[in-house]
Every structure is written in C-alpha cells, then in structure tokens.
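The residues of the chain are indexed from 1 along the displayed sequence. Just follow the structure's listing: the first ligand is 1, and inside any ligand the first atom is 1.
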Amino acid sequence: MAGRSVVVGVGHYLPERVVPNSEFEKTLDTTDEWIRTRSGIERRHFAADDESTSDLATKAAEAALADAGLTVDDIDAIIVATSTADLTFPSAATMVQARLGMTKGFAFDVQAVCAGFVFALSNANALILSGQAKRVLVIGAETFSRIMDWTDRSTCVLFGDGAGALVLELQEGEGTSDDRGILATDLNSDGRYKDLLYVDGGVSTQSTGHLRMQGNQVFRHAVEKLAKTAETALGAAGLGSADVDWIVPHQANIRIIQGTAKKMGLPMENVVVTVQDHGNTSAASIPLALSVGKQRGQIKRGDLIVTEAIGGGLAWGAVVLRW
Ligand code: ACO
C-alpha cells in the first residue's frame with residue numbers, strides 16, 4: 001500500500017475579453033500569419049482592468065471544488081503558482097483563501113514562472129505524502145498582460161491571462177504504476193540562464209518592469225530539456241513514453257510542443273493542445289489544458305498523463321500522474 005495524491009477535481013477560468021492576432025496588426029509591425037506560423041497562437045484572453053490574478057484564481061478554484069463535489073471546509077492547503085500576484089505581499093494564495101471563505105489551514109505562492117504549476121504540484125504532493133495535508137487546492141493563475149512591453153512585437157503577441165486549478169486528495173494505492181494519482185516528479189533549475197527570460201523590474205529594483213526574452217535561445221533549450229525531464233519522471237515511475245496516454249505540455253509555442261512530442265516518440269494525437277486559444281499563460285497553462293482536455297472528452301479516468309514545462313530561471317520539470 002502507498003499514499004497517492006489523486007486529482008479529484010479540475011476547473012479553469014478565462015477572462016471575458018478575447019484578443020485575436022489581428023488586433024496586434026493595428027499597432028505593431030506584425031501579422032496574424034507570422035504569429036500563427038511561428039507560435040501556433042491565434043487568440044488569447046486578457047483580464048479586465050479591474051480583474052486581478054487572485055480574481056482569476058478564485059474562479060478557477062471554485063470550478064475545481066464544484067467538480068470535486070467539495071467545499072473549502074474539506075481543503076487543508078492552497079498553493080498558487082504565479083509570477084504576477086496582485087500585491088508584493090500577502091501571497092495571492094492567502095487572498096484566494098479569504099475569498100473562498102477558508103479560515104483554517106495554510107496558503108502560499110510558488111514562483112517558478114512558466115514551470116510554476118509543475119513545481120506547485122510537486123510541492124503539494126510532498127505535503128500530502130508527508131502527512132501535512134490531506135487535500136490541497138493547487139492553482140496556476142497569471143495576468144501576464146500586466147508585464148508586457150506593448151511596443152515589443154517579439155514578446156507581447158505571445159502571452160495571455162487565465163487560471164486553472166486542481167484538487168489533490170490523499171488516497172491509498174497499491175504502490176504500483178497502475179495507481180491513480182501522482183506517480184513521479186522531476187524538478188530542475190539553472191540560474192545561469194537568467195538573461196534569456198526575465199522581467200526587468202521588481203520590488204527591490206523599485207519598478208514593475210516588463211518581460212524580456214531571447215525567444216530563439218529559450219527555444220533552443222526547451223525541446224531538449226522538456227523531453228529529458230519528461231523521460232526522467234516517467235523512468236522514476238517505472239514507465240516509458242509508450243505508456244503515455246496524454247502529454248499535457250506547457251503551452252508556449254506549438255513548435256516546441258511538436259518537437260518535444262517527436263523527441264519522446266509520440267504522435268500529436270497524444271498531446272493536449274490549447275495554445276491556439278490561450279497563448280502562453282505561464283503557470284496557468286497546464287491546469288488550463290488539463291481542464292479543457294477533460295471538457296473536450298480527451299482526458300479520462302485512468303489515463304496516464306505527463307505534464308512538462310520550462311520557463312524563466314531557467315526552471316523546468318515534469319509530473320507523471322494517472323488521472
Ligand atoms: N511579427 C513579425 N516579426 C517578428 C515578430 C512578430 N510578432 N516577432 C519577432 N519577429 C521577427 C524578429 O524581429 C526576427 O526578425 P529579423 O530576422 O529581421 O531579426 C524574425 O522575426 C525571427 O525572430 P526569431 O526570434 O528568430 O523567431 P523564432 O522563429 O525563434 O520565433 C518565438 C520567435 C515565437 C518567440 C520563439 O522563439 C519561441 O516561441 N521561443 C520560446 C518561447 C518560450 O517557450 N518561452 C518559455 C516560456 S515563457 C516564460 O517562462 C515566461
């Protein structure tokens with residue numbers, strides 16, 4: 001017998017405003033065709049001026065709780081993966097906690113940029129397996145529209161806002177790879193690559209700053225590191241690519257998604273793709289894709305899923321779970 005962190009609920013929230021690629025043609029030297037062919041993105045959602053990351057996170061959390069048939073009274077901890085919290089402090093997670101009416105347990109944020117949800121899932125799993133929590137609400141939520149340089153065509157067309165959430169619950173498994181729940185995780189970072197992807201401001205430098213990215217350099221690292229972390233996590237679970245029903249990748253660029261699947265020896269029929277509709281929503285992209293994948297009827301109970309993500313840091317990792 002072995003404890004497992006099993007997904008018992010999933011949900012997401014996307015802001016109302018949808019921005020098609022054509023809108024950028026009005027203000028930038030770019031085209032819908034360039035954005036589609038280089039990134040796979042067709043549209044993205046942007047939060048309203050009075051909508052913040054914790055608003056998006058709260059709505060996604062409510063959807064996941066409803067899907068699980070649970071209330072906040074059943075939850076021991078909340079983790080929000082985000083790089084765009086409402087305030088410097090308190091954490092977005094404690095703001096979500098208050099909004100949900102939860103007055104016990106604990107809540108905190110995890111910051112690993114686009115890899116944030118994978119890091120948050122791994123942390124939630126560790127809390128559950130070490131007996132510190134039985135049920136954890138794990139949320140990825142971002143408002144990257146707030147850190148875009150709208151004059152930089154090489155970045156501002158790529159990102160979007162949104163939120164997704166999972167409820168993880170301690171259940172007993174057999175201790176084999178047939179168990180439902182998180183089977184293995186693999187986390188990595190290498191701070192030497194800071195200059196490839198960062199925000200040129202922050203509290204300690206007294207500004208908000210804008211996202212800066214050497215896209216082609218990040219691209220170069222992405223496929224190789226993502227395929228390797230996915231294979232490492234699968235190996236730790238005693239599994240291989242052939243066992244995978246769904247890759248649910250961080251949705252940054254369709255060419256990275258295709259390249260990683262190919263390197264893993266899997267066809268695109270085994271990949272949940274939402275980048276065309278959401279753009280890159282950073283830490284929100286994986287839970288958004290899990291929720292949409294379930295809604296579409298792609299992801300079913302018992303399916304073996306590998307999630308993988310890379311982002312600023314660089315930080316990257318993968319989680320293998322059975323749905
Ligand atoms: N419209 C038209 N032309 C553009 C645009 C645009 N929106 N943006 C850039 N270009 C131009 C460039 O200026 C360049 O022109 P030049 O050759 O005259 O200098 C040309 O297009 C090619 O630029 P590249 O950057 O080499 O294009 P590439 O094919 O690499 O695609 C992209 C760019 C989409 C950014 C890609 O590199 C990418 O997706 N990179 C990875 C992004 C990513 O995965 N990020 C990780 C997670 S994000 C996070 O952690 C926050």
For this session: Taking Asp179 for its side chain and Gly175 for its backbone only, find out whether a donor-acceptor pair lies under 3.5 Å.
Result: yes
Exercise. Okay, side chain of Arg44, backbone of Val157: is any donor-acceptor separation there less than 3.5 Å?
Worked result: yes
For this session: Identify whether the distance between the nearest side-chain nitrogen and carboxylate oxygen of Asp303 and Arg322 falls below 4.0 Å.
Result: no
[atom] touched by protein (heavy atom, under 4.0 Å):
atom                    : value
atom 14 (C) of ligand 1 : no
atom 19 (O) of ligand 1 : no
atom 31 (O) of ligand 1 : yes
atom 2 (C) of ligand 1  : yes

Against ligand 1, does [X] come closer than 4.0 Å with any heavy atom?
X      : result
Ala222 : no
Phe24  : no
Met213 : yes
Thr155 : no

For this session: Under 4.0 Å, heavy atoms only, figure out whether ligand 1 is touched by the backbone of Ile310, its side chain, both or neither.
Result: backbone
Seminar exercise, completed: Quick look: Asn253 vs ligand 1, heavy-atom contacts under 4.0 Å, and the answer is side chain
For this session: For Ile256, counting its heavy atoms only, list the atoms of ligand 1 lying under 4.0 Å from any of them.
Result: 41 (C), 44 (O)
Exercise. What distance do His221 atom NE2 and Leu197 atom CG have between them, rounded to the nearest 0.5 Å?
Worked result: 11.0 Å
Where is the nearest protein heavy atom to [atom]: which residue, which atom, and how far?
atom                    : value
atom 33 (C) of ligand 1 : Trp34 CH2, 4.0 Å
atom 12 (C) of ligand 1 : Arg153 NH2, 3.9 Å
atom 22 (C) of ligand 1 : Arg38 NH1, 3.6 Å
atom 50 (O) of ligand 1 : Cys114 SG, 2.7 Å
atom 40 (N) of ligand 1 : Gly215 O, 3.0 Å
atom 35 (C) of ligand 1 : Leu158 CD1, 3.6 Å
atom 26 (O) of ligand 1 : Asn216 ND2, 3.5 Å

Exercise. Where is the tightest heavy-atom contact between Ala85 and Thr82, given as atom of each residue plus distance?
Worked result: N-OG1, 3.8 Å
For this session: Look at the rings of His278 and His12 and say which category their plane angle falls in: under 30° parallel, 30 to 60° tilted, over 60° perpendicular.
Result: tilted
For this session: Answer yes if the side chains of Thr281 and Glu142 hold a donor-acceptor pair under 3.5 Å, and no otherwise.
Result: no
Exercise. Do the side-chain N and O atoms of Gln132 and Ser130 include a donor-acceptor pair separated by under 3.5 angstrom?
Worked result: yes
